[in-house]
There are 2 protein chains.
Amino acid sequence: MDYAIGEASRLTGIKVPTIRYYEGIGLLAAPARTEGRQRRYRVEDVARLNFIRHARDLGFEMADIAELLALSEGPDQSCKKVDEITRRHLSEVDRRIAQLTALRRELVRMVDECSHGRVGDCRVIETLSGETA
Amino acid sequence: MDYAIGEASRLTGIKVPTIRYYEGIGLLAAPARTEGRQRRYRVEDVARLNFIRHARDLGFEMADIAELLALSEGPDQSCKKVDEITRRHLSEVDRRIAQLTALRRELVRMVDECSHGRVGDCRVIETLSGETA
DNA sequence: CGTACAACCTCTAGCGACTGGAGGTTCAAG
DNA sequence: CTTGAACCTCCAGTCGCTAGAGGTTGTACG
Ligand SMILES: [Zn+2]
Ligand SMILES: [Zn+2]
Ligand SMILES: [Zn+2]
Ligand SMILES: [Zn+2]
């Protein structure tokens, strides 16, 4: 009862080359092979891929995910580290949101101020040319 | 009255290798050289670098910047295109903020639900392992 | 059992936007 | 004229994939 890479891909939504890539970087153990050297995945491999998928969807970096996966393998340990990683990631996300929001404000200001005339009078171009932002 | 690459770097806040990189990808014209093949930048080159710097700070991609630079060279044209690029970029920023905000909500939910016990009971790990996010 | 062909394999290169290093040369101050 | 900081080129690495070339295997159908 095992899956070819394409089936694993369909089940997890992770593209075939990406699954091989994950194996290459050591995020996923090399699976068993058929005699013809084709990969065959077991249910737990697919579960691991799903885990990776969800973590990626939440924006975790590969290094975070590797740690989370390792931690998830010791179910009796304290989850302190797990929560730490998650909170750290959350604050990264917060920082990015703040940065983008500041950016957004500036962009809105620029388009609002533009009187839609000549490039030479365009506030957008003026702002970008300005001495120091 | 021209500047060595290090001076251009100090004046614009763009690192030396990045300036060379910009030249390599054609964003910046190859400047004049000394007899010893060292780059010498003129005031307008530094201005162009400042423009690039500000646009990068606002999150514009290189392709956008190339277009904006080209447009800024025809000051008598209508600034319609400039505004179009800016508005398009603004909506990209909006989309990214929305995505990050959704992500953030989920992360907050996860850490909130965690009761800080065993990894085996951790909601963070559970959520990441869940069938479909 | 033979054949067709989808799916698999490895390997390499490319994306965007830089960044860093090695190893060698030039400029300018003293 | 010497020193050494700053310059030069070229190459590799970052992150997380993605795509392609060119060849092999698994399987379903006749
Ligand atoms: Zn993170
Ligand atoms: Zn305008
Ligand atoms: Zn954009
Ligand atoms: Zn927990």
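- Checked against C:dC27, C:dT19, D:dT18, the side chain of B:Lys15 finds its nearest nucleotide in C:dT19.
- One atom, CG of A:Asp57, and another, P of D:dG16, lie 14 Å apart when rounded to the nearest Å.
- Rounding to whole angstrom units, CG of residue A:Asp64 and C1' of D:dG16 are separated by 14 Å.
- Side-chain atoms of B:Arg48 come within 3.5 Å of backbone N or O of B:Leu27 as a donor-acceptor pair.
- At most 12 heavy atoms of other shown residues, nucleotides or ligands fall within 6.0 angstrom of atom CZ in B:Arg42.
- Both A:Thr18 and B:Tyr41 sit near DNA chain D, but only B:Tyr41 has its closest nucleotide nearer the 5' end.
- Ranking D:dG26, C:dC18, C:dC27 by closeness to the B:Arg40 side chain, first place goes to C:dC27.
- With a 6.0 Å radius and a threshold of 12 heavy atoms from other residues, nucleotides or ligands, B:Arg37 has its CZ atom at or below the threshold.
- No donor-acceptor pair under 3.5 Å is formed between the side chain of A:Ser9 and the backbone N or O of A:Ile5.
- The CG atom of A:Leu28 sits 15 Å away from the C1' atom of D:dC17 (whole-angstrom rounding).
- Between B:Arg123 and B:Asp112 there is no salt bridge, since no side-chain nitrogen of the basic residue lies less than 4.0 Å from a carboxylate oxygen of the acidic one.
- Of the two residues near DNA chain C, A:Gly6 and B:Ile52, the one whose nearest nucleotide lies more 5' is A:Gly6.
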Just the atom pairs and distances: protein N or O near nucleotides 9-11 of chain D's N or O, under 3.5 Å.
{"from": "D:dT9", "atom 1": "OP1", "to": "B:Arg33", "atom 2": "NH1", "distance (Å)": "3.2"}
{"from": "D:dT9", "atom 1": "OP1", "to": "B:Arg33", "atom 2": "NH2", "distance (Å)": "3.1"}
{"from": "D:dT9", "atom 1": "OP2", "to": "B:Arg39", "atom 2": "NH1", "distance (Å)": "3.0"}
{"from": "D:dT9", "atom 1": "OP2", "to": "B:Arg39", "atom 2": "NH2", "distance (Å)": "2.9"}

Any N/O pairs under 3.5 Å between the protein and nucleotides 2-5 of chain C? List them or say none.
none

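- Closest contact between the side chain of A:Pro17 and the listed nucleotides C:dC27, C:dT19, D:dT18 involves D:dT18.
- Looking at A:His54, its side chain never comes within 3.5 Å of a backbone N or O of B:Ser129 through a donor-acceptor pair.
- Across all strands, A:Tyr22 comes closer than 4.0 Å only to sugar-phosphate atoms, never to a base (heavy-atom distances).
- Out of C:dA17, C:dC9, D:dC7, the shortest distance to the side chain of B:Met62 is found at C:dA17.
- With D:dG16, D:dC7, C:dT19 as the candidates, the nucleotide lying closest to the side chain of B:Tyr21 is C:dT19.
- Of the possible polar contacts, one joining the A:Arg53 side chain to the A:Thr12 backbone as a donor-acceptor pair under 3.5 Å is found.
- Map B:Thr34 and B:Glu61 each onto its nearest nucleotide of DNA chain C; the residue landing nearer the 5' end is B:Glu61.
- If you measure from atom CD1 of B:Ile65 to atom P of C:dA17, you get 8 Å, rounded to the nearest angstrom.
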Would you be so kind as to tabulate the donor-acceptor pairs closer than 3.5 Å made by side chains of residues 13-24 of chain A, with sequence neighbours excluded?
{"from": "A:Glu23", "atom 1": "OE1", "to": "A:Arg39", "atom 2": "NE", "distance (Å)": "2.7"}

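- In this structure, the side chain of A:Arg104 does not engage the main chain of A:Val108 through any donor-acceptor pair within 3.5 Å.
- Spacing between atom CZ of B:Arg53 and atom C1' of C:dA17 amounts to 15 Å, rounded to whole angstrom units.
- With D:dC7, D:dC17, D:dT25 as the choices, the nucleotide that has an atom nearest any side-chain atom of A:Arg56 turns out to be D:dC17.
- Open room surrounds CD on A:Gln99; 12 or fewer heavy atoms of other groups in view lie less than 6.0 Å from it.
- At whole-Å resolution of the value, CD1 in A:Ile14 and C1' in D:dT18 are 14 Å apart.
- One interatomic measurement links the two molecules: CD of A:Gln38 to C1' of D:dT27, which rounds to 10 Å at whole-angstrom precision.
- As rounded to whole Å, 13 Å separates atom P of D:dG16 from atom CZ of A:Phe60.
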